[in-house]
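Shown next, in structure tokens, is the structure this report addresses.
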Amino acid sequence: LAAQPDNDMGRQARLAAIIGTSFVREAVRIEAARDDVVLHGLAGLPTMNRPTTAQMYLFVNNRPVRDRQILGAVRAGYQDMLPRGRHPIVTLFIDLPTTEVDVNVHPAKAEVRFRDSARVRGLIVGALSSALREAGMQATHEARSDALPVFIAEIELQIEDIDAILAFARTLKTPDQ
């Protein structure tokens with residue numbers, strides 16, 4: 001990736017290069033804080049989902065993590081908005097004082113332990129569910145373009161069924177005949 005400035009525009013350019021421009025364009029902005037814990041990033045709409053957690057990018061104090069507690073909080077934030085076995089596309093950055101997090105839990109430092117895990121979980125769940133509700137559960141361009149041909153085909157089948165019913169009805173004799 002080409003070097004980008006260390007600001008919101010630079011972060012969006014890097015995300016577009018890694019995840020795709022449709023994600024950056026259609027994702028919901030997440031910005032929340034509780035006491036000295038700050039959460040920010042982008043959350044894909046529920047219609048933009050994947051079969052694995054590979055596109056869930058999570059960072060604690062700018063360190064990439066694959067923490068089960070954070071993954072669980074993200075799933076809880078999406079509540080029942082995702083089909084079973086599907087995972088959202090998210091990039092979330094959690095910033096907090098180093099005294100509030102232990103990064104030496106896992107040899108590869110991929111997991112962390114928060115001093116107050118309930119506060120961090122509550123922040124993630126609340127911020128995600130609130131932002132997704134405010135977004136109105138709109139469909140992403142990705143989902144719209146996949147769904148439209150299916151919808152059109154279903155409508156065409158229904159029209160054919162109606163035409164067949166009308167043709168059959170015309171063949172029936174009415175009581176006057």
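Just so it is clear, the values below take in all heavy atoms, side chains as well, and ignore hydrogens, waters and symmetry mates.
For residues 5-52, the pairs satisfying ring pair (Phe, Tyr, Trp, His ring centres under 6.0 Å) are His40-Phe93, with sequence neighbours left out.
Annotation: side chain of Val37 is in contact with side chain of Arg119 (closest heavy-atom distance under 4.5 Å). Using a 4.5 Å heavy-atom threshold, the side chains of Met48 and Pro88 count as separate. Contact annotation: the side chain of Ile30 approaches that of Leu128 to within less than 4.5 Å [non-hydrogen atoms, C-beta and beyond].
Note that OG1 of Thr91 and CG of Leu15 are 4.5 Å apart. Values are rounded to the nearest 0.5 Å. With rounding to the nearest 0.5 Å, the separation of OG1 in Thr53 from CG in Leu58 is 8.5 Å. A distance of 4.5 Å separates CG of Asn49 from CZ of Arg86, quoted to the nearest 0.5 Å. Distance check, rounded to the nearest 0.5 Å: CD of Glu26 to OG1 of Thr21 gives 9.0 Å.
Under 4.0 Å is where a charged nitrogen must lie from a carboxylate oxygen, and between Glu111 and Arg68 at least one such pair does. Between Asp80 and Arg75 no salt bridge is recorded (no basic side-chain N to carboxylate O distance below 4.0 Å).
Summarising the geometry of Arg34 relative to Gly122, their closest heavy-atom pair is NH1-C, 3.4 Å, with the distance given to 0.1 Å. Closest non-hydrogen pair, Arg121 versus Ala76, comes out as NH2-CB, 3.5 Å. In this structure, Ile124 and Ile94 approach most closely via the heavy-atom pair CD1-CD1, 3.8 Å. Annotation for Gln79 and Ser129: closest pair NE2-CB, 3.8 Å, computed over non-hydrogen atoms. Ala43 and Tyr78 make their closest contact through CB-OH, 3.5 Å (heavy atoms, listed as atom of the first residue, atom of the second, distance). Between Gln12 and Val24, the shortest heavy-atom contact is O-CG2, 3.7 Å.
A side-chain contact (heavy atoms from CB on, under 4.5 Å) with Leu96 is found for exactly one of Asn61, Leu39, Leu123, namely Asn61. Exactly one residue among Leu42, Ile70, Val60, Val74 makes a side-chain contact (heavy atoms from CB on, under 4.5 Å) with Leu92. That residue is Val74.
Proximity of a side-chain donor or acceptor of Arg115 to a complementary backbone N or O of Val101 within less than 3.5 Å is not detected. With hydrogens and angles ignored, the 3.5 Å screen pairs no side-chain donor or acceptor of Asp36 with any backbone N or O of Pro97. Within the 3.5 Å criterion, the main-chain N or O of Val112 finds a donor-acceptor partner in the side chain of Asp67.
No single ILVMFWY cluster, assembled from side-chain heavy atoms under 4.5 Å apart, contains both Val125 and Leu45.
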Before giving the answer on side-chain contact (heavy atoms from CB on, under 4.5 Å), spell out for Met81 and Leu132 the whole-Å C-alpha distance, their side-chain angles and the decisive distance to 0.1 Å. CA-CA 9 Å; Met81 297 181 222; Leu132 292 167; 4.0 Å; yes
Evaluate the side-chain contact (heavy atoms from CB on, under 4.5 Å) criterion for residues Tyr57 and Ile18: first the C-alpha distance (whole Å), next the side-chain angles of each, then the deciding distance (0.1 Å), finally the verdict. CA-CA 11 Å; Tyr57 299 97; Ile18 295 168; 3.8 Å; yes
Apply side-chain contact (heavy atoms from CB on, under 4.5 Å) to residues Arg50 and Met56 and explain how you reach the verdict. CA-CA 10 Å; Arg50 298 292 180 260; Met56 292 175 72; over 6 Å; no
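Counting heavy atoms of neighbouring residues, nucleotides and ligands inside a 6.0 Å radius, atom CZ of Arg66 exceeds 12 of them.
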